Amino acid sequence: MATVEPFELDAHVVACGFLGEAAVFALGDGRVVIRDGELGLTVEAHDGGLLAARFSADGRTLISSGDDGRVVRTGGRGETETLFEKPGKWLDQLAEGPQGAIATAAGRMAWVRLANGEVVEFPHEKAVGGLAFLPKGLRLATATIDKAMLHWVSAKGAPVDMPWKGAHTGVVVSPDGRFLVTTMQEPALHGWRIEDMKHMRMTGYPTKVKSVSWSAKGRFLATSGANAAILWPFFTKDGPMGKNPLQLGPRDRIVTQVACHPTEDVVALGYDDGMVLAVRFGDAAEVLLRKPGAAPLSALAWDGAGVRVVFGAENGEAGVIDIRG
Amino acid sequence: MTNVSQPIPVTVLTGYLGAGKTTLLNRILTEDHGKKYAVIVNEFGEVGIDNDLVVDTDEEIFEMNNGCICCTVRGDLIRIIEGLMKRKGRFDAVLIETTGLADPAPVAQTFFMDDDVRSKTRLDAIVTVADAKNLMARIGDSPEAEDQVAFADVILLNKVDLVSAEELAAVKAEIAAINPYAHVIETERCAVDLAQVLDRGAFDLTRILAVEPEFLVADHHHHDETVKSISLTAGDMDPQAFFDWINRATQEQGPQIRRMKGIIAFKDDPERYVVQGVHMIVEGDHQRDWKADEKRESRLVFIGRDLDFEALKAGFEACRA
């Protein structure tokens with residue numbers, strides 16, 4: 001039986017995860033809260049609201065952006081460093097890339113800050129809805145109105161337009177770099193196979209898709225937005241076209257967060273009533289990790305070993321679940 | 001634990017450049033009315049106020065529903081409101097200032113068409129600041145000025161000290177011709193009791209109709225040969241016929257309809273049914289029981305441009321039970 005260590009953080013949990021053993025929560029009021037057993041640490045990372053946060057691939061720092069126009073890196077002992085600053089801008093998009101690059105965006109402008117501090121601007125005709133780096137070669141994918149785009153960061157060259165009508169509100173790239181998928185204002189995903197720009201439509205959701213997670217080795221893309229987690233298969237050459245997705249953890253509530261296990265075919269699901277389940281892909285076996293709470297789940301993540309799950313909700317309810325009991 | 005269930009009221013502030021919008025905005029931001037506002041503006045420099053909850057944005061309009069021209073929304077508002085909701089508790093209400101040239105429809109439609117915005121906020125009112133001296137000229141030379149009057153729940157007729165009694169009467173008649181249902185307040189330098197502007201509940205049918213039960217009673221106006229507002233009345237209606245007709249009528253005349261509001265008495269239904277709409281968007285709900293001393297009457301008003309009065313009247317009357 002899983003054990004839950006609960007916290008009351010008193011603010012919208014924008015993102016959560018682990019830095020080493022410590023559970024870390026990025027909160028909508030600008031704070032970053034670090035909890036490690038009895039130890040607790042609060043960092044005022046932003047002077048104002050915190051809008052987006054990502055954990056670095058090496059698992060050592062949290063990067064966050066806010067309406068104070070700053071991107072801040074926070075370490076496990078609460079040390080902070082300002083990586084980027086654009087006073088007056090709401091930096092509501094954030095991505096972490098290879099070679100220490102980060103990307104952020106406000107309105108119609110995206111910026112990439114390279115590890116050496118150099119900043120490259122990427123103006124857009126319409127607002128930037130999402131950012132993601134390709135796994136290799138320092139290329140930035142952006143989601144915007146009526147298209148996704150692929151930009152070269154260091155090399156010169158015109159960006160590649162990937163047209164698809166509608167407002168694209170987020171973007172992810174598969175771990176092997178072959179597929180690009182956007183979330184949309186309408187309740188749907190749109191995908192492209194990058195090598196030949198073949199389109200993939202993924203529809204049928206009752207609400208907007210806000211949380212997506214690649215399973216181990218990128219075999220499935222787990223998604224929120226329905227009464228179950230919808231997992232699209234990406235393990236064949238053609239991606240999910242013509243195949244039925246897995247539907248895991250069906251309930252009469254909407255799934256708001258998904259987080260795939262780092263190595264196993266297991267997904268953790270958070271619902272709009274705050275409940276958390278873990279579900280195995282093969283036989284759809286379910287394990288209850290957290291009973292319903294008082295608000296929709298807004299953040300969910302596994303640790304690197306795949307034995308603990310950290311979660312947070314819109315009302316500041318949060319906790320760490322240890323599945324070893 | 002913060003409260004996540006209470007929807008945040010949103011006031012939309014429109015008005016042509018120079019009408020006094022910024023003066024009103026500054027008053028709302030500085031005066032002690034017990035509420036803290038998050039403000040979404042388009043011309044950052046103009047506000048000139050130190051408030052950490054002022055957000056600068058570029059109006060970004062896009063079409064929903066695969067290109068239906070009526071169903072446009074403000075994408076930037078969806079994103080900003082999503083961001084603001086992560087800071088709930090820091091403010092009590094949201095104020096959106098539109099540019100002088102803006103059509104208010106996409107702003108209003110955002111609050112009907114985006115599920116997240118709709119679940120976390122409620123559109124309180126569209127407030128239009130109009131300049132008594134220049135409004136007539138603006139209506140003559142720009143469709144947006146007329147849109148802003150037509151969509152308004154509250155019109156602040158500002159700078160009345162700069163016009164003669166005759167000019168004032170003419171501009172008030174013009175407003176009444178475009179939108180006879182707005183609450184018009186005459187001011188100098190936007191000196192108005194803010195309670196008359198904020199927290200109006202103008203899109204909350206249960207509230208406005210209870211406060212101003214006679215506001216829907218008005219005749220249609222002919223103006224410049226085009227019909228800008230229509231009021232229709234009848235007795236009990238057949239629900240099936242009414243829903244079929246209102247959906248069809250708003251699809252057909254959606255581009256011409258700016259606002260629509262009504263109270264409907266359905267045959268054998270003890271409760272009042274209330275409807276409202278913006279262009280092609282229609283929403284409705286049962287409100288409360290008809291009172292014993294209340295006349296069961298169906299009333300429906302349209303504010304728009306080039307409305308087909310005869311067609312709307314005939315369609316409405318064909319729904320009588």
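Reminder, nothing fancy here: chain letters follow the sequence lines and each chain counts from 1. FYI, side chains are in, hydrogens and waters are out, and symmetry mates aren't considered; it's all heavy atoms of this structure. Remember, it's a predicted structure, so these values are computed and weren't measured experimentally.
Proximity to chain B (any heavy atom under 4.5 Å) is shown, for Leu51(A), by both the backbone and the side chain. Contact annotation for Asp92(A): only side-chain heavy atoms (C-beta onward) come within less than 4.5 Å of a heavy atom of chain B. When heavy atoms are compared at a cutoff of 4.5 Å, Leu9(A) does not approach chain B at all. For chain A, the nearby parts of Leu84(B) are the backbone and the side chain; heavy atoms of each come within less than 4.5 Å.
Aromatic ring orientation, Phe302(B) versus Trp245(B): perpendicular (interplanar angle above 60°, classes split at 30° and 60°).
A salt bridge is absent between Arg73(A) and Glu96(A): the closest approach of a Lys/Arg side-chain nitrogen to an acidic carboxylate oxygen does not fall below 4.0 angstrom.
Residues passing the salt bridge (charged side-chain N to carboxylate O under 4.0 Å, His left out) test with Asp147(B), sequence neighbours excluded: Arg258(B), Arg305(B). Contacts of Glu252(B) classified as salt bridge (charged side-chain N to carboxylate O under 4.0 Å, His left out), with partners at least two apart in sequence or in another chain: none.
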